Amino acid sequence: MSEEFGPDFISLTDEDGNELELEYVDTLEYEGEVYMAFFPAVEDGQEDPELDEDYGLIILKVINVDGEEQLATLDSEEELEAVFEQFNTLLFDEDET
């Protein structure tokens with residue numbers, strides 16, 4: 001992904017009505033499903049995000065609801081672990097080139 005113009009951000013609203021600002025990292029297809037990875041957006045003046053225990057890679061699955069693509073949380077811990085490993089491999093391999 002080219003960062004010529006800076007990172008990409010999206011705003012999501014969760015099922016409780018809370019708005020989340022996320023920074024897009026990458027997309028991958030795994031076992032016929034599409035997954036997207038994000039980091040929570042860091043606002044100017046905010047503490048170092050790596051010190052926050054809630055800061056980390058957020059993985060969401062692209063699902064089709066009534067013909068419209070939406071993002072959803074993963075169904076199981078096993079699915080999350082498998083996809084997380086795929087993203088680690090993808091991101092690590094990109095750093096090596």
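A quick note: this is a predicted structure, and the numbers were derived from the prediction, not measured. For the numbers below, each heavy atom of this structure counts, side chains included, while hydrogens, waters and symmetry mates do not.
Between the CG atom of Asn88 and the CD atom of Glu81 there is a distance of 11.5 Å, given to the nearest 0.5 Å. The structure places CG of Asn18 at 11.5 Å from CG of Leu12, a figure rounded to the nearest 0.5 Å. Between the CZ atom of Phe87 and the CE atom of Met36 there is a distance of 8.5 Å, given to the nearest 0.5 Å.
Considering only residues two or more places apart in sequence or on other chains, Tyr30 meets the side-chain contact (heavy atoms from CB on, under 4.5 Å) condition with Leu28, Tyr35, Ala82, Val83, Gln86. Evaluation of the side chain to side chain donor-acceptor pair (under 3.5 Å) rule for Thr13 yields no partner, not counting sequence neighbours. By the side chain to side chain donor-acceptor pair (under 3.5 Å) test, Thr27 pairs with Tyr24, sequence neighbours left out. Qualifying side chain to side chain donor-acceptor pair (under 3.5 Å) partners for Asp16, counting only residues two or more places apart in sequence or in other chains: none. Legend: residues meeting side chain to side chain donor-acceptor pair (under 3.5 Å) with Asn64, ordered by chain and number and at least two apart, are absent.
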Task: Worked verdict on Ile63 versus Val65 for side-chain contact (heavy atoms from CB on, under 4.5 Å) - done: CA-CA 6 Å; Ile63 60 171; Val65 177; 3.8 Å; yes
Open item on the list: Between Leu71 and Phe38, does the side-chain contact (heavy atoms from CB on, under 4.5 Å) criterion hold? Intermediate values first, please.
Closed with: CA-CA 12 Å; Leu71 297 173; Phe38 302 91; 4.1 Å; yes
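Summarising the geometry of Val25 relative to Leu57, their closest heavy-atom pair is CG2-CD1, 4.2 Å, with the distance given to 0.1 Å. When all heavy atoms of Pro40 and Gly56 are compared, the closest pair comes out as CD-O, 3.3 Å. When all heavy atoms of Glu29 and Gly32 are compared, the pair lying nearest together is OE2-CA, 4.0 Å.
In the hydrophobic cluster analysis, where Ile, Leu, Val, Met, Phe, Trp and Tyr join through side-chain heavy atoms closer than 4.5 angstrom, Ile59 is grouped together with Leu91. Linking Ile, Leu, Val, Met, Phe, Trp and Tyr whenever their side-chain heavy atoms come within less than 4.5 Å leaves Phe9 and Ile58 in two separate clusters.
Sorted by first and then second residue, the pairs that involve residues 69-78 and meet salt bridge (charged side-chain N to carboxylate O under 4.0 Å, His left out), not counting sequence neighbours, are Lys61-Asp75.
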